[in-house]
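Note that the numbering runs from 1 along the sequence shown for the chain.
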Amino acid sequence: MMPCEICLRSSDIRVDIQPRNSRAKAGSVVPRNFRLLEELERGEKGIGDGTVSYGMDDADDIYMRSWTGTIIGPPNTVHEGRIYQLKLFCDTDYPDKPPTVRFQARVNMTCVNQETGMVDPRRFPMLGNWKREHTMEDILISLKKEMSTPQNRRLHQPHEACQTTKSILCCEVPAARSS
């Protein structure tokens, strides 16, 4: 394939886009939008066994900031059979800084703020020790694995209909009545 006229005139500008699994040359950095386009393409194709997926919220958002992720709860945990929707927000400094991640529905996990649904970077190592190579896919897969850890696999979960924007009281389990 022949380069276009613009590419020929701007030979001093060079960007090598490489597949996610390949190693970039030392010192080369893929620009934010190219990286997000690569992630969008991968998200649209589907990931692994289909229990994790993601995509853009608004196809007209030229900055590609707002994304939705889905995790199907892992088997043999209290999360089994549940479908979790998450919002991921990639600010202009992504992928140098991690996106903010928020569960749409209430979930009881050690790394999630119970009132806001935000994943706490201090309690979720992937966000706390963010590396530029990490992706939204990596975050979702890591959260799914976190659901299977001993500290999260058996935690009592709120009723599925409860949302993070509603009162916390709607999900509390009533105390047992004494006869």
Side-chain angles (χ1 to χ4, degrees), residues 20-21 24 29-30 32 35-36 38-58 61 63-168 170-173:
R20 182 173 185 272
N21 294 335
V29 175
V30 176
R32 177 185 184 277
R35 164 71 179 272
L36 287 170
E38 183 180 298
E39 289 196 51
L40 176 60
E41 182 180 350
R42 183 155 169 84
E44 287 177 343
K45 287 181 180 176
I47 305 166
D49 62 3
T51 59
V52 172
S53 64
Y54 64 97
M56 280 183 56
D57 282 343
D58 181 6
D61 177 9
Y63 297 108
M64 297 183 277
R65 291 183 184 196
S66 187
W67 297 69
T68 296
T70 304
I71 300 172
I72 297 176
N76 304 317
T77 69
V78 294
H79 306 282
E80 183 172 13
R82 290 182 178 226
I83 299 172
Y84 296 99
Q85 294 281 323
L86 300 90
K87 291 292 181 186
L88 297 98
F89 185 80
C90 300
D91 213 343
T92 55
D93 52 6
Y94 179 84
D96 294 316
K97 302 279 185 185
T100 57
V101 182
R102 181 174 53 88
F103 279 84
Q104 292 293 92
R106 292 196 52 206
V107 61
N108 191 9
M109 290 176 63
T110 56
C111 62
V112 177
N113 180 305
Q114 295 301 301
E115 293 179 21
T116 64
M118 297 294 292
V119 177
D120 185 348
R122 295 169 298 183
R123 295 184 176 165
F124 186 60
M126 174 153 292
L127 295 181
N129 303 317
W130 184 255
K131 292 184 171 90
R132 190 176 214 286
E133 302 82 48
H134 291 159
T135 64
M136 288 181 274
E137 175 184 344
D138 296 332
I139 293 169
L140 296 172
I141 290 170
S142 187
L143 280 168
K144 182 181 169 197
K145 286 179 184 173
E146 186 69 23
M147 291 174 179
S148 295
T149 61
Q151 62 268 30
N152 288 309
R153 70 180 301 121
R154 302 269 178 241
L155 283 178
H156 175 75
Q157 295 301 307
H159 187 271
E160 289 183 26
C162 295
Q163 299 294 315
T164 58
T165 55
K166 294 182 181 177
S167 168
I168 292 175
C170 75
C171 295
E172 291 181 359
V173 177

- Message: To the nearest 0.5 Å, what is the distance between CG on L88 and CG on D57?
- Response: 9.0 Å
- Parallel, tilted or perpendicular: rings of Y94 and W130 (30°, 60°): tilted
- Query: Would a 4.5 Å heavy-atom cut-off, applied to side chains only, mark M126 and E146 as touching?
  - Reply: no
- To the nearest 0.5 Å, atom OG1 of T116 lies from atom CZ of R106 at 10.5 Å
- Query: Taking only residues two or more places apart in sequence, or in another chain, which ones meet D49 in a salt bridge (Lys or Arg N to Asp or Glu O under 4.0 Å)?
  - Reply: K144
- Query: Donor-acceptor pair, E41 side chain versus L36 backbone, under 3.5 Å?
  - Reply: no
- Q157 (side chain) donor-acceptor with N108 (main chain) under 3.5 angstrom: yes
- Task: Apply the side-chain contact (heavy atoms from CB on, under 4.5 Å) test between V112 and each candidate in N152, V101, V119; give the one that qualifies.
- Result: V119
- Message: Show, in sequence, the C-alpha distance, side-chain angles and deciding distance for R42 and E38, and conclude whether the salt bridge (charged side-chain N to carboxylate O under 4.0 Å, His left out) test is met.
- Response: CA-CA 6 Å; R42 183 155 169 84; E38 183 180 298; over 6 Å; no
- Looking at N129, I139, T110, which one forms a side-chain contact (heavy atoms from CB on, under 4.5 Å) with F124? I139
- Nearest-0.5 Å distance that lies between atom CG in L86 and atom CE in M136: 12.0 Å
- Residues passing the side-chain contact (heavy atoms from CB on, under 4.5 Å) test with K131, sequence neighbours excluded, are E133, H134
- Message: I'd like to know if the side chain of R32 reaches the main chain of Y63, judged simply by a donor and an acceptor atom lying under 3.5 Å from each other, with no hydrogens or angles considered.
- Response: yes
- Taking the side chain as C-beta and beyond, is there a heavy-atom pair between M147 and I71 under 4.5 Å? yes
- Message: Working note: C90 + E39, criterion side chain to side chain contact (heavy atoms under 4.5 Å, CB included); need CA distance, chi angles, decisive distance, verdict.
- Response: CA-CA 12 Å; C90 300; E39 289 196 51; over 6 Å; no
- Task: Give a yes or no on whether the backbone of N76 and the side-chain of R153 come within a donor-acceptor separation of less than 3.5 Å.
- Result: yes
- Item | I72 CD1 to L140 CG distance, which is reported to the nearest 0.5 Å | 12.0 Å
- Is the backbone of V29 close enough, under 3.5 Å, to the side chain of R132 for a donor and an acceptor to pair up by distance? no
- Could you tell me which residues satisfy salt bridge (Lys or Arg N to Asp or Glu O under 4.0 Å) with R65, sequence neighbours excluded, listed by chain and number? D91
- Query: Once you round to the nearest 0.5 Å, how far does CZ of F103 lie from NZ of K87?
  - Reply: 13.5 Å
- Message: For R123, give me all partners under salt bridge (Lys or Arg N to Asp or Glu O under 4.0 Å), at least two apart in sequence or on another chain.
- Response: none
- Side-chain contact test, heavy atoms from C-beta onward, threshold under 4.5 Å: evaluate it for T70 versus Q104 and give yes or no. no
- Output the distance between atom CD (E137) and atom OG (S53), rounded to the nearest 0.5 Å. 10.5 Å
- With the side chain counted from C-beta on, respond yes when M109 and H79 share a heavy-atom pair under 4.5 Å apart, and no when they do not. yes
- What is the minimum heavy-atom distance between L127 and P99, and which atoms define it? CD2-O, 4.0 Å
- Task: State, to 0.1 Å, how close Q114 and V107 come at their nearest heavy-atom pair, and which atoms those are.
- Result: NE2-O, 3.2 Å
- Query: With D61, which residues qualify under side chain to side chain donor-acceptor pair (under 3.5 Å), at least two apart?
  - Reply: none
- Taking only residues two or more places apart in sequence, or in another chain, which ones meet R122 in a salt bridge (Lys or Arg N to Asp or Glu O under 4.0 Å)? D120
